[in-house]
2 protein chains.
Amino acid sequence: MNKLRTVIVDDHPIVIEGLKTLLKNEDNLEVIGGFSNGTQLLSYLERNPVDLILLDVTLPDIGGMELCQIIKAQFSATTILILSNHTERSIIMQTIQNGASGYLLKNSSLDELRQCIASAVTGNICYSKEVVEIISRPTKNQLRNTPQLTRREKQILSFLAEGKTSQNIAQELFLSPLTVDTHRRNLIQKFEVKNVAELIAAAHQQQLL
Amino acid sequence: MNKLRTVIVDDHPIVIEGLKTLLKNEDNLEVIGGFSNGTQLLSYLERNPVDLILLDVTLPDIGGMELCQIIKAQFSATTILILSNHTERSIIMQTIQNGASGYLLKNSSLDELRQCIASAVTGNICYSKEVVEIISRPTKNQLRNTPQLTRREKQILSFLAEGKTSQNIAQELFLSPLTVDTHRRNLIQKFEVKNVAELIAAAHQQQLL
DNA sequence: TTTCATCTACTGGTTTTTCGGTATTTTTTA
DNA sequence: TAAAAAATACCGAAAAACCAGTAGATGAAA
C-alpha cells in the first residue's frame, strides 16, 4: 500500500509545523500539505488527490463543520480526522454527523493519533479517550429532569413542530381548538418556557423531536 | 483477566439463545444471563456485577434509550453495546449520547461483534461497518440546500429560539420592533415554513441552533 | 371504589404574530 | 464606483397565540 497522502489544516502555523514534525517518521503516511484556511484547502483538493485530512474546526473563513460536508460531498474518498480543542459534546457529534471519521483533542498523544488514523482509514470512526468520556457523559439537559409528557401532549408537540395551528391540529384530531390550546399551554408550563418557539427548541435539545 | 460477565437483553428469546450459542466458545467472556425486558435486567443488576450488556433498543417495558441512561447512572462500570435492527441515524446517535459504547446491527458478523466488544471494554466507542455508513451518510436535511442566512438573521433566529418576542429582541438590539418583524418574516420565507415554531424545528434539524 | 392523572372544553380578554405590501439607508462586493 | 445584498423601518388588518382560571368526563391504578 502506498503512503497516505495527508494534509493538515489549522489556523495556527505552529500546529501545522508541529504535526508535520511529529508525523515525519511515520512510514505509512506522508504529509503533503498544510493550510491555514478552508479556501486554500478546497482549491488544493481540486487538483490533488488526498487520502487523509487532519482538520481543525475553528478556521478563519469556513467553519470546520461546513468544510466537512463540502469535502465529503465532493471528495468522498478522503478521510477526515478532526483535531480540535473544543470539548463541547455537541460540536463533536456534529462533526461526526457531517462525515468526519474521528475526533481528537489537540493534547492527544501521538500514539492515540496513530491509532485513530489507522482505524479511520479502514472505515471506522475513532475518538480519543478524553473525547469518549465527553460523549458518554450525560448532558445537562439529561441531568435536569425531562418533563413527563402524556401521549396527547407528545402528539400535539410534534404537530406544533410542523408549524400547525391550534385549528389545524383540532381538525386533524377531531378536537375542539380550545382543547388543543389547553394542551399547548400545559406543554409550555411543563417545559417552563415562554412560548411555542422556545418549546420546540427545548424539546429538540432534550431529543424529544 | 477474568472473563467478562455478560448479559443479553432482547425481547426475542430466540435472539438471546442464538447469541448465547455464538458466544459460547469465546474465551474472554461468559454469558451469565438473558432477559427479555428492562425491569428484569435492572433488578438483576442490583444484585449481580455485570461487565457487559448486549442490549436491544426495542423492549416491551422500558425503551433502550432510557435503559442506557439508567444503567450508566447507577452502574457506570458496565459497558453497553447496542444490538439492534434500527437503521435510523438519530436512534444510533441517541444511544451513544446516552452512554452506550457501540452500536451493531443484528446482521453483523460474529467477527464484528468480537471486535466491537474488545474495543468497547477498553473504553472506545465502536460501530459496525454498516452503522458507520449510516452515520456518515449525509441527512436529507443536509442534502436539501440550507438557506443562506445573514448575520442579523442568525442572531434573531437564536433570540427567537429563546422564546423572545419582537419587542424583547428590538430592545436588546436597539432596533424598531418592526425591523425585527421583517427579519422574522424573511427567516420564515427562507426556510419555507409556516411560522416560528416550524422555523425553530427546521433550524434545529439543519443544526443551526 | 375512590383517587389521581389525563383528556376534554369553556369564558373572556390581551398580546403577538402573521400577511402583504413599500421604501430608505447602509454595507459589500464585483 | 456602480450594482447587489443586507439592514433598517413603516402601515393596517386578520389570525393566532398567550394568560388565568374553571370544570366535567374518562380511565387506570391503589
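Chain letters run A, B, ... following the sequence lines, proteins first, then strands; residues in each count from 1.
A straight line from CG of B/D181 to P of D/dA7 spans 16 Å, rounded to a whole angstrom. The distance between atom CD of A/E153 and atom P of C/dT8, rounded to the nearest whole Å, is 11 Å. Rounded to whole Å, the distance from CD1 on A/I200 to P on D/dA17 is 11 Å. For the pair B/N186 CG and C/dT17 C1', the computed distance is 15 Å after rounding to whole Å. Atom NE2 in B/H183 sits roughly 6 Å away from atom P in D/dA7 (whole-Å rounding). When rounded to the nearest whole Å, the span between CD1 of A/I188 and P of D/dA17 equals 10 Å. Whole-Å rounding puts the A/L178 CG to D/dA16 P distance at 14 Å. Across the protein-nucleic acid pair, B/L149 atom CG and D/dA5 atom C1' stand 14 Å apart, rounded to whole Å.
Regarding contacts with the backbone of D/dA17, a side-chain N or O of A/S166 is found under 4.0 angstrom from either OP1 or OP2. Taking only side-chain nitrogens and oxygens, B/T182 never comes nearer than 4.0 Å to OP1 or OP2 of D/dA7. Residue B/R184 places at least one side-chain N or O closer than 4.0 Å to OP1 or OP2 of C/dT17. Phosphate contact (OP1/OP2 of C/dC7, side-chain N/O of A/T150, threshold under 4.0 Å): present. Dashed line: the shortest gap from a side-chain N or O of B/Q167 to OP1 or OP2 of C/dT16 is under 4.0 Å. Remark: B/T179 is not in phosphate contact with D/dT8, judged by side-chain N or O atoms under 4.0 Å from OP1 or OP2.
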When you look at A/K106 and A/D56, which way does the salt bridge (Lys or Arg N to Asp or Glu O under 4.0 Å) test go after all the steps? CA-CA 9 Å; A/K106 282 189 182 162; A/D56 190 14; 3.4 Å; yes
Assess the residue pair B/R5 and B/E30 against the criterion (salt bridge (Lys or Arg N to Asp or Glu O under 4.0 Å)); give the C-alpha distance rounded to whole Å, side-chain angles, the decisive distance to 0.1 Å, and a yes or no. CA-CA 5 Å; B/R5 284 155 301 190; B/E30 185 183 6; over 6 Å; no
Show the numbers, then the answer: is there a salt bridge (Lys or Arg N to Asp or Glu O under 4.0 Å) between B/E198 and A/K164? CA-CA 8 Å; B/E198 200 183 353; A/K164 301 208 165 110; over 6 Å; no
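Taking the six-membered ring where tryptophan is involved, the planes of A/H204 and B/H204 are essentially parallel, since the angle between them stays under 30° and well short of 60°.
Checked by atom type and distance alone, the side chain of A/S166 never pairs as donor or acceptor with a backbone atom of A/V180 at under 3.5 Å.
Checking C/dA9, D/dA7, D/dA17 against every side-chain atom of A/L175, the shortest atom distance belongs to C/dA9.
Below the 3.5 angstrom threshold, one finds a donor paired with an acceptor across the side chain of A/R185 and the base of D/dA20.
Comparing B/R152 and A/N195 along DNA chain D, the residue whose closest nucleotide (by nearest heavy atom) sits nearer the 5' end is B/R152.
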